[in-house]
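Take a look at the structure set out below.
Letters A, B, ... are given to chains in the order of the sequence lines, protein chains preceding strands, and every chain is numbered from 1.
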2 protein chains.
Amino acid sequence: MLISEQYYLNKSKFLVAADCIVFGFKDKELHILLTRRPVQPQYGEWSLMGGFVGENESLETAAKKVLFEYTQQRGIYMEQVNAYGEVDRDTGGRVISVAFYALVRLEEFDTSLAQKFDARWINIKDLPQLVFDHNKMVEDALTLLRFKVSMQPIIFNFFDGKFTLPALQDLYEAIYQRPIDKRNFRKKLASMDILDKLHIKETFSSKRGAFYYIFNEEKYKAYLASGKYYSL
Amino acid sequence: MLISEQYYLNKSKFLVAADCIVFGFKDKELHILLTRRPVQPQYGEWSLMGGFVGENESLETAAKKVLFEYTQQRGIYMEQVNAYGEVDRDTGGRVISVAFYALVRLEEFDTSLAQKFDARWINIKDLPQLVFDHNKMVEDALTLLRFKVSMQPIIFNFFDGKFTLPALQDLYEAIYQRPIDKRNFRKKLASMDILDKLHIKETFSSKRGAFYYIFNEEKYKAYLASGKYYSL
DNA sequence: ACAAAAGTGTTCACACTACACCCATGG
DNA sequence: CCATGGGTGTAGTGTGAACACTTTTGT
């Protein structure tokens, strides 16, 4: 019987990074928070934000730390995308990266942070070339996001509580990159019965004004229990 | 401007393992290849098979190596499930694991290998408690497998080329753990038109015998191009 | 008054479900 | 001849897609 030391010893160790694909919703378009790489090699090129995992951190903890550093928000919705471990993926050294996507409330975003880190919100339609395999990470994150969003009500994490139906539809259209029929969209939402209509209107994006809605957790549970399944 | 050395230096490094959830189909049930953990701590307990990633290996390469070691098969269909990085997940040391699921052709499996590694094919219905977070890995792998199998024709990797429709249905039922209507199943397959019927019968599981079919890659491409989407 | 966005129903096609009987063969 | 598993069609239901006009209000 081997003992632990023989088994774990003399094995290669690796730098492990957590890279975050931070999604935000702005100007009816999906945006990603990108930064300029602060070190050589590839200094100054567009990059996802990331950080190395510390000795006493889980992958999730490391990712949360990165997110907090760049956004000062806590309780951000986050999900693991994949691990990336090609030998030469990082031109600066052997690094294994675990990618997470995150959904942030962009209205709350402190623009001074953008200055500090030379970070910008880039429309996903205008995605530049990124360092290493970061473009692949974004692609994978988008694929996963599209799937998740159609199955679970995670999309409300983009909003600070309340939202209007036109805005919600714009968001879905931005994520799927395809137009959605207004009537079908609202009909489906109505039949799910997971939202509460507020009696306040949002009046700055139209003259008439659109009613605010909020997501109702209880109704969502009832919807799940009902056995009906719609996908948005 | 920081240079690379300052950035990458003095960061924690980690053991990284590739753990494999090896699925096989036998006796109308889905099975997983499990082994007895060969080292302390938790010596002799049920475990997935895994191995540490080497200096010049990608995660995929490491997983392929593990798969080859235990099955002697090459070209095994494999897909990454997730990375697992809780600080205390491995009671023997800090290890970050990347899980992969694999689909193997169980008919080709060399049972002498099972002896050598103290490995066994366990019915997923009778899954024992596994070491560390391996049960969670299996759960995640199953969820992913179920999704993938319904969307893409990866299920044929369980067979050595040809298969009968009853066997294919049994396999789907084993994966989903729910009965499927025979006529609906066959009707859907027929409308997809991605299989070729051979004029040979498999005669050992019934008196009448069931026709063999093979997956036709070209037809599958045509099916994709047609824009029709069925999910199995 | 008019421009601009919010809001609202109906019809049609098609995929999914449920369901029962005959066929071929080995023993 | 009978037991065992292989093979086949139809009708109903519900979700997804297409489609146009009225309402509200600020300018």
Gap between atoms [atom1] and [atom2], on [X] and [N] respectively (whole Å):
X: A/Asp181; N: D/dT15; atom1: CG; atom2: P; value: 17 Å
X: A/Asn184; N: D/dG14; atom1: CG; atom2: P; value: 18 Å
X: A/Ile200; N: C/dA6; atom1: CD1; atom2: C1'; value: 17 Å
X: A/Tyr212; N: C/dA6; atom1: OH; atom2: P; value: 12 Å
X: A/Tyr172; N: D/dG16; atom1: OH; atom2: P; value: 13 Å
X: A/Lys197; N: C/dA6; atom1: NZ; atom2: P; value: 13 Å
X: B/Ile180; N: C/dT17; atom1: CD1; atom2: C1'; value: 13 Å
X: A/Phe185; N: D/dA17; atom1: CZ; atom2: P; value: 13 Å

What's B/Ser205 touching, base or sugar-phosphate or nothing? Going by heavy atoms closer than 4.0 Å. sugar-phosphate
Which part of the nucleic acid does A/Thr203 contact within heavy-atom distance under 4.0 Å: base, sugar-phosphate only, or nothing? nothing
Pair of N/O donor and acceptor under 3.5 Å linking [N] base with [X] side chain:
X: B/Lys187; N: D/dT10; value: yes
X: A/Lys182; N: C/dG7; value: yes
X: B/Lys201; N: C/dT25; value: no

Between A/Arg36 and A/Ser47, is any side-chain donor less than 3.5 angstrom from a side-chain acceptor? no
Do we see a donor-acceptor contact under 3.5 Å between the side chains of B/Tyr101 and B/Glu79? yes
Looking at the side chain of [X], which of [options] is the nearest nucleotide?
X: B/Arg186; options: D/dA18, C/dG7, D/dG7; result: D/dG7
X: B/Ala210; options: D/dG26, D/dG16, D/dG7; result: D/dG7
X: A/Lys207; options: D/dC19, C/dA4, C/dA6; result: C/dA4

With a 4.0 Å limit, can you tell me whether [X] has a side-chain N or O closer than that to the phosphate oxygens OP1/OP2 of [N]?
X: A/Lys188; N: D/dG16; result: yes
X: A/Arg208; N: C/dG7; result: no
X: A/Arg183; N: D/dA18; result: no

Here's one to test your reading of the geometry: is the NZ or CZ of B/Lys188 within 45 degrees of the ring axis of B/Tyr230 and under 6.0 Å from its centre? no
Heavy-atom neighbours of B/Lys26 NZ exceed 12 at 6.0 Å: yes
What do the steps show when you test B/Asp19 against B/Tyr84 for side chain to side chain donor-acceptor pair (under 3.5 Å), and what is the final call? CA-CA 10 Å; B/Asp19 288 322; B/Tyr84 298 81; over 6 Å; no
Per nearest nucleotide of DNA chain C, the residue lying toward the 5' end, A/Phe211 or B/Ser206, is A/Phe211
